[in-house]
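What follows is a set of notes on a single structure, which appears directly below.
One-based numbering, in listed order, for ligands and for the atoms of each.
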Amino acid sequence: MKIAVIGSGYVGLVTGACFSEFGYEVVCVDKDINKVALLKKNKIPIYEPGLEDLVKKNTSAKYLSFSNNLKSIKGSKIIFIAVGTPTARRGEGEADLKYVFQVCKDLSKLIDKNDKPLIVTKSTVPIGTGSQIINLFKKYCPNLQYGVDYNIASNPEFLREGSAIEDFLRPDRVVCGVANYETETVLKELYRPLNLREAPVLFTDIESAELIKYASNAFLALKISFINEISDLCEKVGGNVQMVAKGMGLDNRIGAKFLHPGPGFGGSCFPKDTRALYASFKKNKLKSTLIKSVINFNEERKLNMVKKAKMLLKKPYKGKKVAFLGVTFKPNTDDLRESPSLVIIPELNKLGVHVYAHDPAYNKSFEKIKQFKKVKWKKSISDVVKGTDMILIHTEWNEYRGIDLKKIKKLVKNKVILDLRNIFNKNELIDIGFVYNNIGQK
Ligand code: UGA
């Protein structure tokens with residue numbers, strides 16, 4: 001079976017590489033000439049553990065190829081649309097669908113009824129987009145009959161950055177939104193290798209599939225915000241939020257995952273998708289108090305982390321030095337999109353604080369980020385902490401968990417740690433002589 005994936009960003013690339021792993025013939029198409037040139041040399045433009053090996057293996061086995069030319073979709077039984085749906089510049093936070101609709105327009109000129117392609121949205125799109133896409137194709141290809149010459153489906157992704165391959169190959173579920181039995185049969189065949197591994201494949205109507213994606217992301221964002229709010233109460237009155245989360249998580253109805261408190265959720269999905277879901281409510285003249293609260297709470301959360309830093313640094317802030325450990329929105333990625341660090345660092349700078357930063361995924365592009373223009377980048381943990389007044393743990397990279405604190409103690413100016421990911425043991429740190437503050441403990 002030949003499959004085409006349009007858009008070789010995060011989602012498209014992982015999807016294409018993983019389908020090729022099942023022995024399907026996959027072509028990944030992207031209009032970015034430089035990106036495709038890199039991919040053809042097996043160079044991966046994003047940081048994702050395991051992806052480079054998967055791409056190398058499957059390009060040399062000729063299961064996977066890359067192209068700039070949309071015409072390479074020819075002969076594909078399934079065509080995935082995996083282009084970006086960023087927050088629109090204007091409006092209430094709705095997703096900007098211009099890239100999706102442009103792909104539909106371009107594709108419509110290439111549909112061959114002999115291939116009888118199934119066009120599937122992988123991109124995260126608001127409820128109702130599938131119907132809009134069907135109408136677009138009906139308009140652009142009046143000579144072809146929807147449901148006979150081609151079909152449309154929705155198949156949202158649930159991939160986490162940093163563990164996307166594992167998530168693809170061992171998913172909790174696969175969701176397929178279809179409008180007819182034939183489409184269901186094609187997608188059943190496509191996902192047979194995963195279904196054999198007992199991954200549930202759920203078939204729904206197109207609208208439900210679209211909403212499952214947003215509702216899932218918003219619910220996870222809500223779970224994180226909920227535990228973050230509980231952590232504020234623990235800090236005031238006592239208790240340990242990690243124990244609270246553990247106790248809550250043992251209830252199967254709640255579940256233990258996504259109850260880790262922190263500086264607020266970031267990344268390319270939760271912030272964007274909660275905003276877009278809220279916009280869908282507004283567009284349909286419905287009130288959504290819950291989702292709006294999650295959005296507002298998360299924005300405020302980042303500023304509250306600055307308040308914590310101020311409390312530990314103590315006045316005067318001007319001239320104080322902070323060692324900032326980890327700037328990405330989570331470990332195992334070089335993604336900075338909507339990372340809390342983009343808010344916390346400039347706020348510290350505004351106080352006259354000097355920020356020295358380290359990140360295992362650091363690359364030159366970090367220096368081009370405007371919020372980081374005053375940051376001094378250091379290559380090692382020893383270098384970044386040297387002579388500083390406070391160490392701030394922002395991202396829970398594994399290599400920070402095992403830091404030799406007795407050694408670090410001799411390098412810093414003031415023994416103060418603000419641990420926004422609770423990676424250290426409070427009593428241990430206090431025993432060594434640090435002033436230690438974390439999340440959700442008095
Ligand atoms: C998220 C979802 O987890 C995926 O299922 C979804 O497919 C993806 O968005 C998407 O829509 O494409 P991702 O953004 O890669 O994946 O990252 P997560 O691991 O979900 O983390 C998101 C943010 O929440 C991070 O800033 C992380 O630090 C924070 N988080 C996560 C917490 O603060 N506490 C937690 O317990 C979990």
Using ring centroids (six-membered ring only for Trp), state whether Phe168 and Phe158 fall under 6.0 Å.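 No, the ring of Phe158 stays outside the 6.0 Å limit from the ring of Phe168, centre to centre.
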For the residue pair Tyr356 and Trp377, is the inter-centroid distance of their aromatic rings smaller than 6.0 Å?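 So the answer is no for these two rings.
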How would you list, by chain and number, the residues with a heavy atom under 4.0 angstrom from ligand 1?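 Only Glu157, Phe158, Leu159, Arg160, Glu161, Lys213, Asn217, Ile224, Phe258, Leu259, His260, Phe265, Gly266, Cys269, Phe270, Asp273, Phe329, Lys330, Arg421 have heavy atoms that fall under 4.0 Å of ligand 1, ordered by chain and number.
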Using the test salt bridge (charged side-chain N to carboxylate O under 4.0 Å, His left out), find all partners of Lys426 that sit at least two apart in sequence or belong to another chain.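 Once residues adjacent in sequence are excluded, Lys426 has no partner under the salt bridge (charged side-chain N to carboxylate O under 4.0 Å, His left out) criterion.
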Where at least one partner belongs to residues 323-341, residue pairs that pass salt bridge (Lys or Arg N to Asp or Glu O under 4.0 Å), sequence neighbours excluded: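 Residue pairs with at least one partner in residues 323-341: Glu161-Arg337, Arg275-Glu338, Asp335-Arg337.
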Under 4.5 Å between any side-chain heavy atoms of Arg173 and Val201, yes or no?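 Of all side-chain heavy-atom pairs linking Val201 with Arg173, none is under 4.5 Å.
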Apply side chain to side chain donor-acceptor pair (under 3.5 Å) to Gln132 and list each qualifying residue two or more places apart in sequence or on a separate chain.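 Partners of Gln132 under the side chain to side chain donor-acceptor pair (under 3.5 Å) test: none.
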